[in-house]
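Have a look at the structure below before the remarks.
Every number for a ligand or one of its atoms is a count from 1 in the order of the listing.
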Amino acid sequence: RKAQIGVTGLAVMGRNLARNFARNGYTVAVHNRTYGRTRELVEQFGGEGDFVPAASSEEFVAALERPRRVLVMVKAGAPTDAVIEEFAALLEPGDVIIDGGNAHFEDTRRREAALRERGLHFVGAGVSGGEEGALHGPSIMPGGPPESYESLGPMLERIAARAPDGTPCTAHVGPDGAGHFVKMVHNGIEYADMQLIAEAYQLLRDVAGYSPAEIADIFGRWNEGRLESYLIEITAEVLRHTDAATGRPFVDVVADRAEQKGTGRWTVQTALGLGTPVPGIAEAVFARSLSGHAELRAAAAALPGPQTRDGGGRMAPDEAAAFAERVERSLYASKIISYAQGWDMMRAGSEEYGWHLDLSATAAIWRAGCIIRAGFLDRIRGAFTNDPWLPSLLADPAFAKELGEAQQAWRDVVAAAAAGGVPAPGMAGALAYYDALRSDRLPAALLQGQRDFFGAHTYQRTDREGTFHTLWAEDRSEVRA
Ligand code: NBP
């Protein structure tokens, strides 16, 4: 028997993806640099399906039907290059190498170009959903040559998560690095979502005076409404959890230093290069970074807070409930803003790299399997299905209406955060983005004046065509530049 797919790299992700393929009826060749992991997989899970363990890369390649499909699930970076090189030397034209790791999309572009030269198909596939998703159905974002999707696509569709309407959460995203780019933006949006949820928690706790368990109940209720999502659901779980050792709320015994693996940072770096404003994602990355700067926090610890703050007292129940309602609106509106920024970035990337991304399909494949999965994604899918040229999610009539309805509560919450000394950079930044975009006039006009003053950088006028410069150091008359 020949295997329809091979998985090399059998740490948690590779092992679970291999099991997922096998459980779906495929014969799966399995290989790992250290043979122990291969043996372990077959010993522990061999009963789940048809595995062909391979001790060497040659044996692995020989076990595969043609065109061969090799899924690489090793550590991103140099190990991925080494493994691709090892297999490229053994494969033949028409064979497909899939990198399902967390590669930077620029690396994927480079690898795809190099392998194309050698007649091999290279598919950079973003895989989201973590360990559990890999086993039970991830959201898969494959890029690369469209031909490769013909034979690979149906297999990915079998193992992927399914949206509530039954469609698989995978689709050919676009050429070369498009899949990993879209996965990167997914992670950026995930950072922003998590930051906003964290701010909502802190506001409910420090302004309204709710306990973690009460906030868990509030998130539980929110999860039954328009905020319904995996991240809201697990937030309630984490807040409800009690530390066994101390009996205290788990959230109170965890060190408040957020870590990151770097995909959020990549998103922001890439957005800077593309010139696309994604402040919601940037605030989230910086908030994590700030939390880890013990020396900066210690240096500022004695600075005074607002005089009005009554030291963590509780609001009266009615007042607290009304405040929680406003926090829900603020969270929801801010969420629309950060998703809008993510989609702006995908449009910009698509234009920059000529990918022709389908912005509606991206929303569709995130409806299940991935970390930001939510009913909300179906609404975004709908918005871009109604109008593929939608210039911004904010311009979609349904989202615009909701923002309009939420905006007063959103302002109240951001004001309460400022008055209470609770940092809410995500919500405040999202509101500033909303107000900036809807502004008739921005102070960018003044910036242009400053730039022209110190650097003769010139400016345009509102009333006449052309480029102008004011002779600031002379008689301040205006000249055409
Ligand atoms: P790791 O990222 O921990 O990588 C471990 C695997 O890489 C092992 O199979 C190891 O082999 C192999 N490997 C290394 Br390290 N260097 C190698 C080399 N030079 N040659 C051959 N093999 C090498 O595994 P993971 O956590 O399962 O993640 C796999 C990929 O998936 C990564 O790119 C990761 O970023 C990504 N990931 C995604 C998610 C998600 O939610 N999408 C979650 C976690 C990880 P050995 O056994 O011989 O040491």
Which residues pass the side chain to side chain donor-acceptor pair (under 3.5 Å) test with Arg265, sequence neighbours left out?
-> none
If we number the atoms of ligand 1 from 1 as shown, the ones under 4.0 Å from a heavy atom of Asn32 are 8 (C), 9 (O), 11 (O), 46 (P), 47 (O), 48 (O)
Atom 46 (P) of ligand 1 has as its nearest protein heavy atom Thr34 OG1, 3.4 Å
Are Arg19 and Phe45 in a cation-pi setup, meaning NZ or CZ lies under 6.0 angstrom from the ring centre and within 45 degrees of the ring axis?
-> yes
Heavy-atom closest pair (Arg37 atom, Leu10 atom, distance to 0.1 Å) is CD-O, 3.5 Å
Identify the two heavy atoms, one from Asp165 and one from Arg367, that lie closest to each other, and give their separation to 0.1 Å.
-> OD2-NH1, 3.2 Å
For Gly9, the atoms of ligand 1 under 4.0 Å from one of its heavy atoms are 9 (O)
Pick, from Met13, Glu131, Lys75, Arg33, the option with the minimum heavy-atom distance to atom 16 (N) of ligand 1.
-> Arg33
Any N/O of Lys261 closer than 3.5 Å to an N/O of ligand 1?
-> no
Relative to the heavy atoms of Leu10, which atoms of ligand 1 are at a distance of less than 4.0 Å?
-> 9 (O)
Does the ring center of Tyr191 lie less than 6.0 Å from the ring center of Phe286?
-> no
of all protein heavy atoms, closest to atom 24 (O) of ligand 1 is Ala11 CB, 3.3 Å
Run the numbers for me: atoms of ligand 1, each under 4.0 Å from some heavy atom of Val83, listed by number.
-> 20 (N), 21 (C), 22 (N)
Charged tip of Arg109 within 45° of Tyr353 ring normal and under 6.0 Å | no
Counting only heavy atoms not in Arg257, do more than 12 sit closer than 6.0 Å to its CZ atom?
-> no
Options Val12, Ile371, Asn102, ranked by nearest heavy atom to atom 35 (O) of ligand 1, top entry = Asn102
Ligand 1 atoms nearer than 4.0 angstrom to some heavy atom of Ala76 are 33 (O)
From atom 31 (O) of ligand 1, work out which of Arg15, Glu86, Met73, Arg37 has a heavy atom at the shortest distance.
-> Met73
What do you reckon, is OH of Tyr26 surrounded by more than 12 foreign heavy atoms closer than 6.0 Å?
-> yes
With backbone taken as N, CA, C and O and side chain as the heavy atoms from C-beta onward, which portion of Thr80 lies under 4.0 Å from ligand 1: side chain, backbone, both, or neither?
-> neither
Hey, does the side chain of Thr267 reach the backbone of Met184 with a donor-acceptor pair shorter than 3.5 angstrom?
-> yes
Counting each atom of ligand 1 from 1 as listed, which ones have a heavy atom of Val127 under 4.0 Å away?
-> 40 (C), 42 (N)
If you scan protein heavy atoms around atom 32 (C) of ligand 1, the nearest is Val74 O, 3.4 Å
Pair Arg110 + Glu106, salt bridge at N-O below 4.0 Å = no
Give yes or no for whether the N/O distance cutoff of 3.5 Å, strictly under, is met between Ala82 and ligand 1.
-> no
